[in-house]
Asks: 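Just dropping this structure here.
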2 protein chains.
Amino acid sequence: MAVYTQVSAEALARFLAGFEVGELVSAKGIAEGVENSNYLVETTQDRFILTLYEKRVSAGDLPYFLALLDHLAATGLPVPPAIADREGRAIHTLEGRPACLIRFLPGVSLSHPTPAQALAAGDAMGAMHAAVADFDGHRDNSMGQATWRPLLDRCGASLDAIAPGLHADIAHVLTRIEADWPAHLDRCAIHADLFPDNVLMLGDRVTGLIDFYFACTDLRLYDLAVMHAAWSFDSTGRDHDAAVGDALIEGYSRHYPLTDDERGAFATLAAGACIRFTLSRAWDWLNTPADALVTRKDPLAFWRRLRVYDPNLASLLKTLA
Amino acid sequence: MAVYTQVSAEALARFLAGFEVGELVSAKGIAEGVENSNYLVETTQDRFILTLYEKRVSAGDLPYFLALLDHLAATGLPVPPAIADREGRAIHTLEGRPACLIRFLPGVSLSHPTPAQALAAGDAMGAMHAAVADFDGHRDNSMGQATWRPLLDRCGASLDAIAPGLHADIAHVLTRIEADWPAHLDRCAIHADLFPDNVLMLGDRVTGLIDFYFACTDLRLYDLAVMHAAWSFDSTGRDHDAAVGDALIEGYSRHYPLTDDERGAFATLAAGACIRFTLSRAWDWLNTPADALVTRKDPLAFWRRLRVYDPNLASLLKTLA
């Protein structure tokens, strides 16, 4: 959420000269995205987002992400493709970082989506999953279910500094999730991080799906579970808006109506999403230097959502009782 | 250089509804400006900069700044006026901060201006001074020459933590500047902070003068001295590009040719500018918490410029010898 790498106007103008995009008119560093540096760039022809990938995005994964963006954009979904330069290359190096020039999309990220907006967003996720039926790229989920136990172990007893008993409570929930995980459900390319931040909207219309840098091959319904956990709670995880959650599922169901099996598994998938974001935020919390430019996010905000997804289990936990 | 205050898309849409500017299309927090929060806002009609004033800009000074922007814009200079809402008000409150919606200007801030670009920028400053001949607003320079001694005293011996001997050296230079200060020269409304950051350009053309939040009534030629010190050195203050400095003065002279008296006083004014930025950066350096979002700027970068403006004096100083 900051500009980590400065690109001078002079360097940017030289970079753009390699593309058929016109001349540089304006460039503003924007506070957006997951630990990348982003500039909103205007040329005499169009507007773009210039992204410089900082350490969290591996250069080796970029071809997968860009192929997915291209595939989705080609089906007419509002997904921003990367722009190829005069020699056909979409992945570049700028100021020592991998860099892409990406088409700008209008729309704003909502802080408090309504059910009508959630309906449209759920519909957009269903359309996205339908569109990747013939996408043959593959990327393991670097934050998938199999990674949670090792991440819990790496966080270790330090977790109790966030809340006394948190390590044991997460271990307890994780054991349950591992036993119940519905690994037999459909898999496809998923976004895996479709928070309201990553959906651009105008009114009740979705105008952009962005920030695919956690995209991977995983359970299709896990993508919806992440979205449900991200969209239908306030930022503290204390207040649940069931109407927003229901609308997400209703919109999604236009493309993929949930089977009884899927309905039965949904709470486990959503509890998994809670574990995933609790652990990654806890890791960041414990390992972010106090002077970092990044604002640390409350690790407990996703943990508290377990009260909705597994109230019986939550009532037994020291940190949630 | 960060977004301190978050404005949700919903709150922004409500704010814009008070203006005749169309509907919200896009909003991106931008990393720009002196400790304000800025958003680049696009509506169905136009683009704007939304500025929320954080603690460094006093709400009481905003009427002066906006009157100056209006005055300069009315003369045809590329200065962005604040937009009045349907009730004629330009100063608002948003998220508890004073806030203004300001017209967006194209152009980029240069990191390494050429002499041709400096010529245009110096010319723009001269035109700005000519345009305020009939501007009757007044604001004392809160960072003017009379404030440097008290600021030096407030920094105190801590300065020697930046460089051993710095407090005594600044006191020595300041005594000389106080004795030589050309207080009899012309006064007018000046920008007082016209760094390359604050000049938008396209090629060799000035398309915007921005960030007037240090504007005040002070010596006209001091404005040019600040610009000279800001533009004609590298960011460390070690390398001087005399051709850029000469071009600034040449451009400015199209409007106000320098008299012999002014030429004689210029080095003192520029040395004063060096003291002003050395002291304010040193104060920030000594008082910025290590976990602040602000990147602290090297206080010695302006101090080193004294080697150019007063080489004989600099050679006697422990910190510059």
Side-chain angles (χ1 to χ4, degrees), chain A residues 1-14 16 23-33 37-44 47 49 95 104-114 117 196-197 199-203 205 207-208 210 235 288-296, chain B residues 1-14 16 23-33 37-44 47 49 95 104-114 117 196-197 199-203 205 207-208 210 235 288-296:
Chain A
M1 297 293 287
V3 177
Y4 301 89
T5 303
Q6 297 296 324
V7 182
S8 71
E10 292 88 342
L12 181 55
R14 284 192 297 273
L16 293 176
E23 303 280 315
L24 180 60
V25 171
S26 175
K28 308 283 186 192
I30 59 178
E32 188 156 295
S37 295
N38 289 289
Y39 287 82
L40 175 50
V41 173
E42 180 178 346
T43 71
T44 45
R47 270 169 294 157
I49 303 289
E95 305 297 338
F104 171 86
L105 295 177
V108 293
S109 299
L110 301 167
S111 295
H112 306 286
T114 64
Q117 291 166 329
D197 283 359
V199 177
L200 301 177
M201 301 196 74
L202 287 175
R205 186 165 59 89
T207 58
I210 61 173
S235 64
T288 300
D291 62 349
L293 286 168
V294 183
T295 306
R296 300 188 300 181
Chain B
M1 296 293 286
V3 176
Y4 301 89
T5 303
Q6 296 296 322
V7 181
S8 71
E10 292 88 342
L12 181 55
R14 284 193 297 274
L16 293 175
E23 303 280 314
L24 179 61
V25 171
S26 174
K28 306 284 185 194
I30 60 177
E32 189 156 293
S37 294
N38 289 288
Y39 288 82
L40 176 49
V41 173
E42 179 179 345
T43 71
T44 44
R47 270 169 294 156
I49 302 290
E95 305 296 338
F104 171 87
L105 295 177
V108 293
S109 300
L110 302 168
S111 294
H112 304 287
T114 63
Q117 291 165 329
D197 284 358
V199 177
L200 300 177
M201 302 196 73
L202 287 174
R205 185 166 60 89
T207 58
I210 61 174
S235 63
T288 299
D291 63 348
L293 286 166
V294 183
T295 306
R296 300 187 299 181

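Each chain gets a letter, A, B and so on, in the order its sequence line appears, and its residues count up from 1.
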Asks: Has the side chain of B/Glu42 got a donor or acceptor atom that lies under 3.5 Å from a matching backbone atom of A/Pro106?
Replies: no
Asks: Considering residues at least two apart in sequence or located in another chain, which fulfil the side-chain contact (heavy atoms from CB on, under 4.5 Å) criterion with A/Thr5?
Replies: A/Ser37, A/Leu52, A/Glu54, A/Glu95, A/Arg97
Asks: Against chain A, label B/Tyr39 side chain, backbone, both or neither, depending on which of its atoms sit under 4.5 Å from a heavy atom there.
Replies: neither
Asks: Please find the pair of heavy atoms, one from B/Glu10 and one from A/His112, that lie closest to each other, and give the distance.
Replies: OE2-N, 2.7 Å
Asks: Can you tell me which portion of A/Leu202 sits under 4.5 Å from chain B's heavy atoms? Options are side chain, backbone, both or neither.
Replies: side chain
Asks: Please identify each residue that fulfils side-chain contact (heavy atoms from CB on, under 4.5 Å) with A/Ala13, with sequence neighbours left out.
Replies: A/Leu24
Asks: What part of B/Leu40 gets closer than 4.5 Å to chain A, counting heavy atoms only: side chain, backbone, both or neither?
Replies: side chain
Asks: Quick check: closest heavy atoms across B/Val108 and A/Ala27, and the distance to 0.1 Å?
Replies: CG1-N, 3.8 Å
Asks: Between B/Ser111 and A/Ser8, what is the shortest heavy-atom contact and its length?
Replies: OG-CB, 3.2 Å
